[in-house]
Amino acid sequence: MDPQIELLKLVLPELLVDFFDFMKVEKQNETLHLYFEELNKPPTEHLHKELISKGFHDEITIQDFPLRGKHVFLHVKRRRWTDKNTKEIVQRDWNIVAKGTRMTDEFASFLKQISRF
């Protein structure tokens, strides 16, 4: 078990650690910007198809839990593939953003819970 990976899973949404490459970090005053790109591993439900990687969707930015007093923004680029035979666009269905927000589900739930006090 890689201790660095296990630490990242405690700090970041686990699916980012499992399915994305961590590309870079930028620190701007009291803000951290973390950049991720989805791995070139097609969704398991489409493994029977002949897929060709066709790059990425536009980057999305998601606010996450603050770290060490710094605001954290996750910059995520999701991959897309094309089915070589049908020309259908294939992508994963990621549900990491809370509906109606630009925050991770975990962070939105945390804020909702502490606002009840």
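The model shown is predicted, which means the values in this text are computed figures rather than measured ones. Heavy atoms only: backbone and side chains are in, while hydrogens, waters and symmetry mates are out.
Not one N or O on the side chain of D21 forms a donor-acceptor pair closer than 3.5 Å with the backbone of M23. Under the 3.5 Å distance criterion, the side-chain polar atoms of T82 are left unmatched by any main-chain donor or acceptor of K84.
Within a 6.0 Å sphere centred on NE2 of H46, heavy atoms belonging to other residues, nucleotides or ligands number more than 12. Counting heavy-atom neighbours within 6.0 Å of K70 NZ, excluding the residue itself, gives a total above 12. Enclosure of atom NZ in K9 by more than 12 non-hydrogen atoms of other residues, nucleotides or ligands within 6.0 angstrom is indicated. Around CD of Q28, the count of heavy atoms belonging to other residues, nucleotides or ligands within 6.0 Å exceeds 12.
Taken from CZ in F20 to CG in L74, the straight-line distance is 10.5 Å, to the nearest 0.5 Å. One finds the CD atom of Q91 at 3.5 Å from the NE2 atom of H57 (value rounded to the nearest 0.5 Å). Within the model, atoms CD1 of I52 and CZ of R80 stand 13.5 Å from one another, a figure rounded to the nearest 0.5 Å. Distance check, rounded to the nearest 0.5 Å: CG of D58 to CZ of R78 gives 10.5 Å. How far CZ of R68 is from CG of L32: 11.5 Å, rounded to the nearest 0.5 Å. In this structure, CG on N85 lies 6.0 Å from CD on E50, to the nearest 0.5 angstrom.
The two residues L47 and P42 have their closest heavy-atom pair at CD2-O, 4.0 Å. The shortest heavy-atom contact between D64 and V11 is OD2-O, 4.3 Å. Closest approach of L39 to W81, counting heavy atoms only: O-CZ2, 3.9 Å.
Among the candidates F22, F36, Y35, the single residue satisfying the ring pair (Phe, Tyr, Trp, His ring centres under 6.0 Å) test with H75 is Y35.
In this structure, F73 and H33 have parallel ring planes: the angle between them is below the 30° cut-off, well short of the 60° mark.
Salt bridge annotation for E59-K77: absent, with no cationic side-chain nitrogen under 4.0 angstrom from a carboxylate oxygen.
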Margin query: The test is side-chain contact (heavy atoms from CB on, under 4.5 Å); show your working for V72 and Q63 and say whether it passes.
Written below: CA-CA 6 Å; V72 175; Q63 186 174 0; over 6 Å; no
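Note on V90 and F19: separate hydrophobic clusters, where clusters join Ile, Leu, Val, Met, Phe, Trp and Tyr whose side-chain heavy atoms are under 4.5 Å apart, directly or indirectly. Note on V25 and L10: separate hydrophobic clusters, where clusters join Ile, Leu, Val, Met, Phe, Trp and Tyr whose side-chain heavy atoms are under 4.5 Å apart, directly or indirectly.
In this structure, F56 has no ring pair (Phe, Tyr, Trp, His ring centres under 6.0 Å) partners at least two apart in sequence or on a different chain.
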